[in-house]
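One structure is given here, and the rest of the page talks about it.
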Amino acid sequence: MSSQKKLLLIDGNSVAFRAFFAMHQALDHFTNQDGLHTNAIYAFKNMLDIILKKIEPSHVLVAFDAGKTTFRTAEFSDYKAGRSKTPPELSEQFPYIRELLSAYGIQSYDLDNFEADDIIGTLAKEAEAAGFTVDIVTGDRDLTQLTTDKTTVNITVKGVNEIEAYTPEHVQEKLGLLPSQIIDLKGLMGDTSDNYPGVTKVGEKTALKLLAAHESIEGVYEHVDEMKASKLKEHLIEDRDQAFMSKMLATIRRDAPLTVGIDDLAYNGPDLETLIAFYQAMNFKSFLNQLNVTSEEAVPVESYDYTVLTNDNLTLLSELTGTATFGIEMLTDNYHTAEMIGFYVGTPKHWYVSDDVALLAEPIFKDWLEDADQTKAVFDVKRNQVAASRLGIELAGVEFDLLLASYLLNTTNNSNDLGTLANLHDYQNVQTDEQVYGKGAKRALPEELTTFYQHLVQKAAAINQLQPQLVAQLKEHQQFDLFTDMELPLALVLARMEITGIKVDASCLQQMGSEFIQTLKILEEKVYAEAGETFNINSPKQLGVILFEKMGLPVIKKTKTGYSTAVDVLEQLRKDAPIVQTILDYRQIAKIQSTYVEGLLKSIHQDNKVHTRYLQTLTQTGRLSSVDPNLQNIPVRVAEGRKIRQAFVPSQPGWQLFSSDYSQIELRVLAHISGDVNMQEAFKENRDIHANTAMKIFGLTSADQVTPDMRRQAKATNFGIVYGISDYGLSQNIGITRQQAKSFIEAYFEQYPGVQQFMVDIVKKAREEGYVETLFHRRRYLPDIHAKSFNLRSFAERTAMNTPIQGSAADIIKVAMILMQQELTKANLQAKMLLQVHDELIFEAPEAEIPILQKLVPSVMDSAVSLAVPLKVESGFGPTWYDIKK
DNA sequence: AGGCTCACG
DNA sequence: ACGTACGTGAGCCTA
């Protein structure tokens, strides 16, 4: 809310019309529980938000037309005659738009015998006199007659999400007229949509010429006798009365007898409870979601006709035109192994389903699927790509993925379920998989085949229906390129990597495992001996009792449920009792054994490989994550764990593993986006960034004054900065006092002032816009930035600082991966990209191709984007992942 | 199902 | 006065 006096006046009828037709294509699936159409209400709300955010008014009113008859129809009975009737689907929504406004704390107003324009004109005049600036929003250009140096008229263009601001200068630019001359223009040329006549044969061109010469209609008629004889002169004389009447009709009244005053219009924001109740009544899931309110799943109302495909009717496929929806159905997550239970394909003209995926491999179907010119819309392109690949099909031509689009629009929508996401985008006519198949052990095909088929068709229809809406939103967010040029092609690259998999030497793991088991046994006995009893070492609860109650060690940290026994705690207790070190040793080995030896062994497939799945739509920053197994957290920091990497080997004899990683990519990204000159200089001169920081914060003059410990602390500070620093966090991390940490940070910001400015600016942006963005417009919303709770708010602020850095780094390696796959294909190499670990890419290749990769991979990676600082890439290779040394 | 711990960038 | 480093996944234990 602005502290200045700023009045916003909205032409309710005009905006509602725009809203209705902007979402007309979605009319049928925008209905609530009672069958009320809600598309105009929905779009009106969206537009209202945009306007409120842009204008930031202190006072607001929305004016509506009262009825069919006004003082204008009394003057001229044909006024607005012949206008097509307001569609009933819109009429029924007007009362609810008013209800919405009321929940927003905004007055809506109409007045007998007057139009919305007159209410607006009158209030604008009053407000100007009272020292307000005024913004008017409408789709009707006639209102531009109201522009003054204090009143701006904003005209909605292109649907409902863009507005064009008319000031007197802008009117002059567009029409060459003063705002006050617009009524003269209308008087002369008439208005077909309002159905008043003007002067015969006079259109915009002629009228503008006349007004340029004589300023007003009055002026024109003062000089009409001087005009030389012409058809125009005849028409002017003939239609004199019509011209003056039309001017009167076009004139917006500034003296309507209003019963509201400006003081009644103060805007203090919505009443949340009312608003939530309203959204619930309207079934607006996405708005509820924005308010962090969960809503119940809707039950689809509409069923569709469909045809079951068989071997005998596959030629029906040739009738598909335009973008078709396609999807292979599986009941479980892991698409590398899940049973394929059916598929859907089609367009709104005709939907097809089947429970026999073997049909997909029939030549006629396979050709269709592999035809890149036959465009397809899907839900989860990677899933379908991998499934198709299992049938020997290389799916091509996918132009839309509902899952990816939904993720980019709002990363918190991280469901993988089509029904859930469709509901979130206010599309109700599809059930969730859980509703149809059940969950957990009960998950199964529905008893009736027709129930299954109907669900498939509803999914197909949902993808089809939501595509235009989501594409429009992506474009609005400037994310369409991110979608089309990054996430979609990346999905195909990832599919290939997952399908290829990486070979794991099971016998190597088993041998390591048996050694670990022996060590664990010894450590276990030692713990029991030192404790004087046996207990479950893996139970933090039991361990807590032993350490803190029986042995009486000091309690350093507590968790919600009891004593903390985490590493940092145990490390502090190490000096107090020998059992602590034994427990630490046990923990370390137990972790390696259970997660990496036994866990990894369980996920090896028949082909001796592990095939991870990269989750492309999960993280809040744009990074990938990896599951089944997670190959992004294989041990490397400590020697015992690192040996696990010996089990990761090339898939063919005579091949090598090859890896390249970005060096300090996040700090380089920070140097770029913050524009900090000192940090940029350090990278441009290829200096040791942590030593450089050490010099800066310890006030040293030369690099050889930097001790290893100074460098370590500086490195931690650099990390802290990337994470959205706090003195407390830094002090905990490097074991210094909070006071010391604070002075480190102050020195840091003094030396890198651009970084400090970036931190301030990005938090401000998050507050103002509600989100932050990466270099490639990946967006993360941070509603907690306004939280009352210090904790929540601080967390959101740190996230605001970290996300553009971590997320831009994620963008960059994604670009590199797409380019890399193209290069491998182009150069016809046997080398294959296998893994991505956030800033690292891992390949396997015949030994002979290693020299090629040593040049190619770094050059692709460091030129993936062009930043203000160079990107540095380091590479290495070896016979196992363990042996890759850089 | 959720908490704790610990593996990675 | 508040009580934190950013982003993940998996295994284990305990409700």
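Naming: A, B, ... by sequence-line order, numbering from 1 per chain.
- No hydrogens or angles were tested; on distance alone, a donor-acceptor pair under 3.5 Å links the side chain of Ser726(A) to the base of dT4(C).
- Across all strands, Gln620(A) comes closer than 4.0 Å only to sugar-phosphate atoms, never to a base (heavy-atom distances).
- Rounded to whole angstrom, the span from the CD atom of Gln632(A) across to the C1' atom of dC6(B) amounts to 16 Å.
- Close to dG9(C), at under 4.0 Å from its OP1 or OP2, lies a side-chain N or O of Ser625(A).
- Rounding to whole angstrom units, CG of residue Asn630(A) and P of dG11(C) are separated by 10 Å.
- The base of dG3(C) sits within donor-acceptor range of the side chain of Arg738(A), with an N or O pair under 3.5 Å.
- At the heavy-atom level, Ser626(A) lies under 4.0 Å from the strands shown only through sugar-phosphate atoms.
- Between Ser794(A) and the phosphate of dG3(C), there is no side-chain N or O to OP1/OP2 separation shorter than 4.0 Å.
- Distances shorter than 4.0 Å separate none of the side-chain N or O atoms of Asn802(A) from OP1 or OP2 on dG7(C).
- Asp628(A) comes within contact range of the sugar-phosphate backbone alone, with a heavy-atom separation under 4.0 Å but no base atom that close.
- When heavy atoms are screened at a 4.0 angstrom cut-off, Ile592(A) is found touching no nucleic acid atom at all.
- At a cut-off of 3.5 angstrom, the base of dC6(B) holds at least one donor-acceptor pair with the side chain of Lys591(A).
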List the steps, then state whether side-chain hydrogen bond (donor to acceptor under 3.5 Å, both in side chains) holds for Asn692(A) with Tyr752(A). CA-CA 11 Å; Asn692(A) 194 71; Tyr752(A) 299 119; 3.1 Å; yes
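- Among the heavy atoms of the strands, none lies under 4.0 Å from Val722(A).
- Judged by centroid separation below 5.5 Å and plane tilt below 30°, Tyr723(A) stacks onto the base of dC6(C).
- Taking every side-chain heavy atom of Pro635(A) into account, dC8(B) is the closest of dG9(B), dC8(B), dG7(C).
- Under the Watson-Crick or G-U wobble criterion, with both distances below 3.5 Å, dG9(B) is paired with dC6(C).
- Residue Ile634(A) is in sugar-phosphate contact alone, with no base atom involved, counting any heavy-atom pair closer than 4.0 Å across all strands shown.
- Side-chain atoms of Arg587(A) lie closest to dC6(B) of the nucleotides dC6(B), dT8(C), dC12(C).
- In this structure, Leu792(A) atom CG and dC2(C) atom P are separated by 16 Å, rounded to whole Å.
- Among the heavy atoms of the strands lying under 4.0 Å from Gly720(A) is at least one base atom, whether or not backbone atoms are also near.
- The CD1 atom of Ile644(A) sits 14 Å away from the C1' atom of dA10(C) (whole-angstrom rounding).
- To the nearest 0.5 Å, the span separating CD on Glu769(A) from NZ on Lys765(A) amounts to 4.5 Å.
- Between Thr561(A) and dC4(B) there is a side-chain N or O to OP1 or OP2 distance below 4.0 Å.
- Thr803(A) comes within contact range of no nucleotide atom at all, as no heavy-atom separation falls under 4.0 Å.
- The distance from atom OH of Tyr728(A) to atom C1' of dA1(C) is 14 Å, rounded to the nearest whole Å.
- Among the heavy atoms of the strands lying under 4.0 Å from Gln542(A) are primed sugar atoms or P, OP1, OP2 only; no base atom is included.
- Residue-level contact check: Asn536(A) touches the backbone only, with heavy atoms under 4.0 Å from sugar-phosphate atoms and none from bases.
- Contact annotation: side chain of Arg798(A) to base of dT4(C), donor-acceptor pair present below 3.5 Å.
- One distance of note links CG of Asp417(A) with OG1 of Thr432(A); it measures 5.5 Å at 0.5 Å rounding.
- Heavy-atom contacts from other residues, nucleotides or ligands closer than 6.0 Å to NZ of Lys764(A) number 12 or fewer.
- On a pure distance criterion of 3.5 Å, a polar donor-acceptor pair joins the side chain of Gln806(A) and the base of dC6(C).
- A salt bridge links Arg767(A) with Glu797(A): the closest approach of a Lys/Arg side-chain nitrogen to an acidic carboxylate oxygen falls below 4.0 angstrom.
- Between dT5(B) and dT4(C), the distance separating the two P atoms is 14 Å to the nearest Å.
- No hydrogens or angles considered: nothing links the side chains of Gln646(A) and Thr880(A) as a donor-acceptor pair under 3.5 Å.
- Comparing atom distances between the Glu598(A) side chain and each of dC12(C), dC6(B), dA5(C) picks out dC12(C) as nearest.
- Rounding to the nearest 0.5 Å places CG of Leu584(A) at 9.5 Å from OG1 of Thr565(A).
- Side-chain nitrogen and oxygen atoms of Arg637(A) include at least one within less than 4.0 Å of the OP1 or OP2 phosphate oxygen of dC8(B).
- In this structure, Ile537(A) atom CD1 and dC13(C) atom P are separated by 11 Å, rounded to whole Å.
- Residue Pro540(A) has its side chain nearest to dC4(B) when only dG3(C), dG9(B), dC4(B) are considered.
- For the P atoms, the distance linking dC2(C) with dC6(B) amounts to 28 Å, nearest Å.
- A donor and an acceptor atom never sit less than 3.5 Å apart when one is taken from the side chain of Arg780(A) and the other from the base of dG7(C).
- A sub-4.0 Å separation between OP1 or OP2 of dC4(B) and a side-chain N or O of Thr559(A) is present.
- Of the candidate nucleotides dG9(B), dC4(B), dG11(C), dG9(B) has the atom lying nearest to any side-chain atom of Val636(A).
- dT14(C): Watson-Crick or G-U partner is dA1(B), with both key distances under 3.5 Å.
- Taken from CG in Leu600(A) to CG in Asp505(A), the straight-line distance is 11.0 Å, to the nearest 0.5 Å.
- Counting any heavy atom pair closer than 4.0 Å across all strands shown, Asn733(A) reaches a base atom.
- Going from atom CZ of Arg645(A) over to atom C1' of dA7(B) covers 10 Å, rounded to whole Å.
- Taking only side-chain nitrogens and oxygens, Lys541(A) never comes nearer than 4.0 Å to OP1 or OP2 of dG3(B).
- Using a 5.5 Å limit on the distance between ring centres and a 30° limit on the angle between planes, the aromatic ring of Phe795(A) does not count as stacked on the six-membered base ring of dT4(C).
- Ring to ring, Phe648(A) and Tyr882(A) are not that close: their centroids are 6.0 angstrom or more apart.
- Within 4.0 Å (heavy atoms only), Leu615(A) reaches sugar-phosphate atoms of the nucleic acid but no base atom.
- Across all strands shown, Ala716(A) has heavy atoms under 4.0 Å from base atoms, whether or not it also approaches the sugar-phosphate.
- In this structure, NZ of Lys742(A) is placed 17 Å from C1' of dA5(C), rounded to the nearest angstrom.
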